[in-house]
**Q** 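Handing you this structure, nothing more for now.
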Amino acid sequence: MQDIVFATNNSHKLEEIRRIVGGKFRILSLKEIGCEEDIPETADTLEGNALMKARYVKEHYGYDCFADDTGLMVDALDGAPGVYSARYAGPGHDSAANMALLLKNLDGITTRSARFVTVIALILNGREMTFEGRVEGEILTEAHGTAGFGYDPVFKPVESAVSFAEMTPDAKNAISHRGRATARLMDYLQTL
Ligand code: ITT
């Protein structure tokens with residue numbers, strides 16, 4: 001089995017990807033390769049940030065790896081929080097505060113269409129590639145469900161009657177931004 005590092009500090013993402021990839025590759029975490037520091041994410045695009053994270057791991061630790069950057073784009077907010085989704089309500093990764101601010105900024109707004117976009121950057125055998133996945137949906141007026149992470153309680157995909165946080169992990173992965181980007185990554189890895 002081939003080892004590949006997933007360059008993320010988000011344990012929920014790691015869990016989701018491991019479930020999707022199954023037994024075909026062994027996905028190593030940053031902790032498992034001894035990388036405990038915060039990896040810079042200062043680009044202004046999802047692709048730029050995903051590449052920045054993957055290049056950091058390759059340069060500092062020597063591993064082939066992939067990294068994802070994800071954003072929630074809300075039409076009524078001109079695409080915000082977008083690439084700044086993790087720190088929408090300020091520094092840190094406080095999902096409750098981020099969701100509260102999002103609901104406040106959409107208060108009274110009826111156009112609630114939005115999409116999650118994930119870009120995965122892969123560095124493998126001296127080559128860099130990116131894979132994108134997206135899911136269209138809407139921002140609910142209040143949080144529903146407790147599964148998943150991040151903005152999941154307030155996002156309802158168009159294909160579903162319930163929010164991501166009301167779905168099983170497999171049901172979310174089947175239609176999610178990360179599930180779709182990972183499927184493309186896996187298609188590529190199978191061709192090697
Ligand atoms: P890494 O950079 O270490 O991978 P992160 O949590 O900072 O982890 P992102 O910058 O990609 O990851 O995430 C942007 C924000 O979007 C962050 O607040 C996440 O909680 C949220 N997010 C990412 N994927 C999500 C998903 O599948 N469902 C709901 N929210 C998600």
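Atoms within a ligand are numbered from 1 in the order they appear, just like the ligands themselves. Scope of the values below: all heavy atoms of this structure, side chains included, with no hydrogens, waters or symmetry mates.
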**Q** So is His177 in contact with ligand 1, going by heavy-atom distances below 4.0 Å?
**A**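 Under 4.0 Å: yes for His177.
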**Q** Run the numbers for me: atoms of ligand 1, each under 4.0 Å from some heavy atom of Lys53, listed by number.
**A**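 Listed by number with element, the hits are 1 (P), 2 (O), 4 (O).
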**Q** Looking only at protein heavy atoms, identify the closest one to atom 20 (O) of ligand 1 and say how far it is in Å.
**A**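 So the nearest neighbour among protein heavy atoms is Gly150 CA, 3.4 Å.
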**Q** Looking at atom 1 (P) of ligand 1, what's its closest protein heavy atom, distance included?
**A**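 Residue, atom and distance for the closest contact: Thr8 OG1, 3.4 Å.
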**Q** Only heavy atoms of Lys172, strictly under 4.0 Å: list the atoms of ligand 1 that pass.
**A**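 It comes down to these atoms of ligand 1: 26 (C), 27 (O), 28 (N).
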**Q** Of the protein's non-hydrogen atoms, which lies at the shortest distance from atom 24 (N) of ligand 1, and what is that distance?
**A**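 Nearest neighbour among protein heavy atoms for atom 24 (N) of ligand 1, to 0.1 Å: Arg178 NH2, 2.7 Å.
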**Q** At a 4.0 Å threshold, what atoms of ligand 1 neighbour a non-hydrogen atom of Thr70?
**A**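 Answer for ligand 1: 11 (O), 13 (O), 14 (C), 23 (C), 24 (N).
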**Q** Would you say the side-chain atoms of Arg180 pair up with the backbone N or O of Ile175, donor to acceptor, closer than 3.5 Å?
**A**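 Yes.
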**Q** Do Tyr84 and Leu103 share a hydrophobic cluster (ILVMFWY, side-chain heavy atoms under 4.5 Å, transitive)?
**A**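 Different hydrophobic clusters.
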**Q** Going by the order shown, which atoms of ligand 1 are within less than 4.0 Å of some heavy atom of Ser85?
**A**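 Ligand 1 atoms under the 4.0 Å threshold to Ser85: 14 (C), 15 (C), 16 (O), 18 (O).
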**Q** Checking a contact table here: which protein heavy atom is nearest atom 7 (O) of ligand 1, and how many Å away?
**A**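 Ranking protein heavy atoms by distance from atom 7 (O) of ligand 1, first comes His93 NE2, 2.8 Å.
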**Q** Polar contacts were defined as any N/O atom of the residue lying under 3.5 Å from an N/O atom of the ligand; does this apply to Glu16 and ligand 1?
**A**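 No.
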**Q** Where does Phe149 meet ligand 1, judged by heavy-atom distances below 4.0 Å: at the side chain, the backbone, both, or neither?
**A**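 It is both parts that get close, each with some atom under 4.0 Å.
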**Q** What atoms in ligand 1 come closer than 4.0 Å to a heavy atom of Asp152?
**A**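 Listed by number with element: 26 (C), 28 (N), 29 (C).
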**Q** Is there a side chain to side chain donor-acceptor pair (under 3.5 Å) between Ser113 and Asp75 once you walk through the steps?
**A** CA-CA 6 Å; Ser113 54; Asp75 291 327; 2.7 Å; yes
**Q** Answer with yes or no whether the hydrophobic clustering places Leu185 together with Leu14; edges join I, L, V, M, F, W, Y residues whose side-chain heavy atoms lie under 4.5 Å apart.
**A**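 Yes, Leu185 connects to Leu14 through the hydrophobic network.
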**Q** Please state which protein non-hydrogen atom is closest to atom 21 (C) of ligand 1 and give its distance, to 0.1 Å?
**A**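 Its nearest protein heavy-atom neighbour is Tyr151 CD1, 3.9 Å.
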**Q** For Asp69, take its heavy atoms, then give the atoms of ligand 1 lying under 4.0 Å from any of them.
**A**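 Once the distances to Asp69 are compared, the set is 9 (P), 10 (O), 11 (O).
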**Q** Judged by non-hydrogen atoms, does Phe155 sit under 4.0 Å from ligand 1?
**A**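 Contact check Phe155 vs ligand 1: negative.
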**Q** When you measure from the heavy atoms of His12 to every atom of ligand 1, does any distance fall below 4.0 Å?
**A**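 Not so, His12 does not reach ligand 1.
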**Q** Does Gly48 offer a backbone N or O that forms a donor-acceptor pair with the side chain of Asp69 under 3.5 Å?
**A**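 No; zero donor-acceptor contacts below 3.5 Å.
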**Q** Between Thr118 (side chain) and Ala181 (backbone), is there a donor-acceptor pair under 3.5 Å?
**A**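 It does not hold such a pair.
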**Q** Please say yes or no: joined through hydrophobic side-chain contacts below 4.5 Å, possibly via intermediate residues, are Met73 and Ile120 part of one cluster?
**A**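 Met73 does not cluster with Ile120.
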**Q** Strictly below 4.0 Å, N to O, side chains only: are Lys53 and Glu41 in salt-bridge contact?
**A**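 Glu41 and Lys53: salt-bridged.
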**Q** Please list, in number order, the atoms of ligand 1 under 4.0 Å from a heavy atom of Phe116.
**A**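 Near Phe116, the atoms of ligand 1 are 28 (N), 29 (C), 30 (N), 31 (C).
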**Q** Using the ring pair (Phe, Tyr, Trp, His ring centres under 6.0 Å) rule, pick out the option among Phe131, Phe116, Phe155, Tyr151 that qualifies with His177.
**A**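 Between His177 and the candidates, ring pair (Phe, Tyr, Trp, His ring centres under 6.0 Å) is satisfied uniquely by Phe116.
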**Q** Among all protein heavy atoms, pick out the one at the shortest distance from atom 17 (C) of ligand 1; state its residue, atom name and that distance to 0.1 Å.
**A**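 Checking every protein heavy atom, the shortest distance to atom 17 (C) of ligand 1 gives Ala86 CA, 3.7 Å.
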**Q** For atom 3 (O) of ligand 1, what is the closest protein heavy atom, and at what distance to 0.1 Å?
**A**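 Checking every protein heavy atom, the shortest distance to atom 3 (O) of ligand 1 gives Asn9 N, 2.8 Å.
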**Q** Tell me if a side-chain donor or acceptor on Arg178 pairs with a main-chain N or O of Ile17 at a distance below 3.5 Å.
**A**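 Looks like no, no N/O pair under 3.5 Å.
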**Q** Please check this pair: side chain of Asn49 against backbone of Thr42, looking for a donor-acceptor N/O pair closer than 3.5 Å.
**A**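 Here the side-chain-to-backbone pair exists.
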**Q** Considering only heavy atoms of Asn10, which atoms of ligand 1 have at least one such atom less than 4.0 Å away?
**A**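 By the 4.0 Å cutoff, the relevant atoms are 3 (O), 6 (O), 8 (O).
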**Q** Under 4.5 Å between any side-chain heavy atoms of Leu106 and Arg112, yes or no?
**A**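 Of all side-chain heavy-atom pairs linking Arg112 with Leu106, at least one is under 4.5 Å.
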**Q** Looking only at protein heavy atoms, which one is nearest to atom 12 (O) of ligand 1, and what is the separation?
**A**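 Of the protein heavy atoms, Lys13 NZ, 2.9 Å lies nearest.
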**Q** Keeping the roles fixed (side chain from Asp152, backbone from Ala147), state whether a donor-acceptor pair exists under 3.5 Å.
**A**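 No; zero donor-acceptor contacts below 3.5 Å.
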